[in-house]
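Notes follow once the structure below has been shown.
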Number of protein chains: 2
Amino acid sequence: MNTVTGAGVNHDTEFLASEVCQICPTRETALFANIKPKDLDEMHSPIKYMICEKGEKLYGMNEKAEYIYTLHDGVVKLEQSLPSGERRIVRLLRRGDLIGVEAVTAAEYQHDVIAMTKVNLCKIPAELVLKFSARSAELHANLMGKWQDALTTSDIWLTKFSTGNSRYRVVRLLIWLSENCHHEEFYMPGREDIGNMLSLTTETVSRTIAGLRRDGDLELLRADRARVDVAVLKKIVKESV
Amino acid sequence: MNTVTGAGVNHDTEFLASEVCQICPTRETALFANIKPKDLDEMHSPIKYMICEKGEKLYGMNEKAEYIYTLHDGVVKLEQSLPSGERRIVRLLRRGDLIGVEAVTAAEYQHDVIAMTKVNLCKIPAELVLKFSARSAELHANLMGKWQDALTTSDIWLTKFSTGNSRYRVVRLLIWLSENCHHEEFYMPGREDIGNMLSLTTETVSRTIAGLRRDGDLELLRADRARVDVAVLKKIVKESV
DNA sequence: CGCCAGCTTGACTACATTCAATTGTAGTGG
DNA sequence: CCACTACAATTGAATGTAGTCAAGCTGGCG
């Protein structure tokens, strides 16, 4: 665990995004997709592009929420902890997702957000988004679309990742991970993190994954990279292939 | 189980809401809170007030999403079913909540929505909301607030209702049910429904509840009404009282 | 009054957790 | 480059908790 306090963000890598927004790698899916270049200019960007290393904390629960982030590359986890000490990962975010949308409506962030890989993102003042969302119909629509996406994902996590036995849960997670990735091989989080997504212990996750490997349903490449045959996995959980 | 097909809604009780919106019982918390009366008039209300009996289905998953509903009284469940046949309740909605917000951004509803009690609601064309949300800053803000609420609730369901052993889950649900109710006694769903909220079987829920009753931590009044001492329950799950 | 659905209880089984020990792996510095 | 360290993953054995199957019970309603 990287011992980073506070925002723990590498500020050296920040720079104004005014020129880069136009060639944004996530232009299609990001918050500002379809926004007229004129509108974009008008915001004359206090937007900052930045990089966050694996293990770093972007922000913590109950911190004052002032910025929204668009995620260009990498994976972050949204975590909440219970008074009893247990931690639960409530969502993973990746390319194209928004981090901390609650900054628009709420005063405080609702999660601990931690980079699971090296992460590229843009930091946008929430105020800016709020102001422009009232003016730009496109931005307004995009924003609602993002809320909707988050909620749909939440529902999936409830139905697919919190229901059924350990085998089903792990398999459903693997399907989701591989389908949300464009390559053959996909990012596979550590066993403890997987456990915190599925409400299982590391040991149970480890055993289940070992079982899938024995059956030839999962191939581990590196520590955090794997490959699966989605069709086979879907048969296991009886989903239509 | 009420054998209702399709929308299964009691259309006899619908009527134009143009006159009633002004005296709406849920005015404070509802979607149109803070909206200028002038704006409200302009919409000259194709909004319909209606009543839905216990057990009736408001709409089903994958149905075309054309209406948003504001819930004035009663409780509805949002359910999803897995290909394996299991059902999972992903949220309960009650007074002040919006049903089917996805109608604004998505083409199809994402859940089966079923009345758990007798329910009063207003049926609003999604198109209307979309159109006005672009124009009225207040409505726009309200709408985002509702998205936010739904997401916060989802997170709670993941962290509190899907983590820990059966006792913890049931107790946390009881706390939530009683805190979200203004009376001493609160609505308590059937054992099967509770099971589908917590990913537990009816038997386990029944046993757990029986245990709480034996310990004097829960008092059953009628079949679907109960009373608890929240402070005591919070001690059980180690939450700050 | 009797029926039925929902709730409860019991006995047994299956499964995940716990605790503990071991192996594997990535990163560090000599 | 290798040895060493720290941490992550794996495996085993014992325990505990929830699931399953089956049988009664209860209360509301025709």
Side-chain angles (χ1 to χ4, degrees), chain A residues 1-3 53-55 77 84-88 114 116-118 161-174 187-215 218-226 236, chain B residues 1-3 53-55 77 84-89 114 116-118 161-174 187-215 218-226 236-237:
Chain A
M1 166 61 190
N2 219 317
T3 52
E53 292 299 327
K54 177 172 176 168
K77 57 179 172 183
S84 51
E86 301 158 293
R87 299 185 70 75
R88 170 93 200 206
I114 295 159
M116 300 183 83
T117 65
K118 183 176 177 181
F161 301 162
S162 306
T163 311
N165 65 26
S166 60
R167 192 148 207 263
Y168 279 34
R169 292 192 202 181
V170 170
V171 168
R172 291 200 197 104
L173 180 66
L174 292 175
Y187 167 68
M188 177 135 127
R191 306 293 172 273
E192 190 178 350
D193 279 333
I194 294 180
N196 288 338
M197 297 182 214
L198 306 177
S199 273
L200 298 172
T201 58
T202 36
E203 292 94 330
T204 301
V205 173
S206 178
R207 277 185 247 270
T208 310
I209 286 178
L212 290 170
R213 283 221 277 167
R214 265 193 296 278
D215 298 350
L218 172 70
E219 186 186 356
L220 278 188
L221 305 169
R222 267 178 293 148
D224 58 352
R225 301 251 114 204
I236 295 178
Chain B
M1 167 62 191
N2 218 317
T3 53
E53 291 300 326
K54 177 173 178 169
K77 57 178 172 182
S84 50
E86 302 158 291
R87 299 185 70 77
R88 170 91 200 208
I89 298 176
I114 295 158
M116 300 183 82
T117 64
K118 183 177 175 180
F161 301 161
S162 305
T163 312
N165 64 26
S166 60
R167 190 149 207 263
Y168 278 34
R169 293 193 200 179
V170 170
V171 168
R172 291 200 198 104
L173 180 65
L174 291 175
Y187 167 66
M188 178 135 126
R191 306 293 172 273
E192 190 179 349
D193 279 332
I194 294 180
N196 287 338
M197 296 183 215
L198 306 177
S199 272
L200 298 172
T201 58
T202 35
E203 292 94 330
T204 301
V205 173
S206 178
R207 276 186 249 270
T208 310
I209 285 176
L212 291 169
R213 282 221 277 167
R214 265 193 297 277
D215 299 350
L218 171 70
E219 186 186 356
L220 281 188
L221 305 169
R222 266 177 295 146
D224 58 353
R225 301 252 113 204
I236 296 178
V237 293

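Note that these values count all heavy atoms, side chains included, but never hydrogens, waters or copies made by symmetry. Throughout, a chain's letter reflects where its sequence line sits, starting with A, and its residues are numbered from 1.
Not a single donor-acceptor contact under 3.5 angstrom links the side-chain atoms of Arg213(A) to the base of dT11(D). Residue Arg222(B) places no side-chain atom within donor-acceptor reach of the base of dG27(D), judged by atom type and a 3.5 Å distance cut-off alone.
In this structure, Asp224(B) atom CG and dT26(D) atom C1' are separated by 15 Å, rounded to whole Å. In this structure, Arg225(B) places its CZ atom 15 Å from P of dG28(D), rounding to the nearest Å. In this structure, the CZ atom of Arg207(B) is 9 Å from the C1' atom of dG19(D), given to the nearest Å. Atom CG in Asn165(A) sits roughly 7 Å away from atom P in dC15(C) (whole-Å rounding). Atoms NZ (Lys54(A)) and P (dC7(D)) sit 14 Å apart, rounded to a whole Å. Between the P atom of dT17(C) and the CD atom of Glu86(A) lies a distance of 11 Å, rounded to the nearest Å. The distance between atom CZ of Arg214(B) and atom P of dT9(C), rounded to the nearest whole Å, is 6 Å. Between the CD1 atom of Ile194(B) and the C1' atom of dG6(C) there is a distance of 12 Å, rounded to whole Å.
With the nearest nucleotide of DNA chain C identified for both Leu200(A) and Pro189(B), Pro189(B) has the one nearer the 5' end.
Comparing dT17(C), dA11(C), dT18(C) by their closest approach to the side chain of Glu203(A) singles out dT18(C). For Ala223(A), counting side-chain heavy atoms from C-beta on, the closest listed nucleotide (dT17(C), dA26(C), dA9(D)) is dA26(C). When distances run from any side-chain atom of Ser206(A) to the nucleotides dG19(D), dT9(C), dA9(D), the shortest one goes to dA9(D).
Using a 4.0 Å heavy-atom distance criterion, Ser199(A) is classed as a sugar-phosphate-only contact. Ile209(B) comes within contact range of no nucleotide atom at all, as no heavy-atom separation falls under 4.0 Å. The residue Thr204(A) sits close to a base: some heavy atom pair falls under 4.0 Å.
Of the possible polar contacts, none joining the Arg172(A) side chain to the Gly164(A) backbone as a donor-acceptor pair under 3.5 Å is found.
One finds the CG atom of Leu174(A) at 9.0 Å from the CD1 atom of Ile236(A) (value rounded to the nearest 0.5 Å). Remark: Lys118(A) NZ to Glu53(A) CD distance equals 5.0 Å, nearest 0.5 Å. In this structure, the separation between NZ on Lys77(B) and CD1 on Ile89(B) is 5.0 Å, given to the nearest 0.5 Å.
Considering Val205(B), Leu198(B), Ile194(B), Val237(B) in turn, Leu198(B) is the only one that fulfils the side-chain contact (heavy atoms from CB on, under 4.5 Å) rule with Arg169(B).
Taking only side-chain nitrogens and oxygens, Ser166(B) comes nearer than 4.0 Å to OP1 or OP2 of dA18(D).
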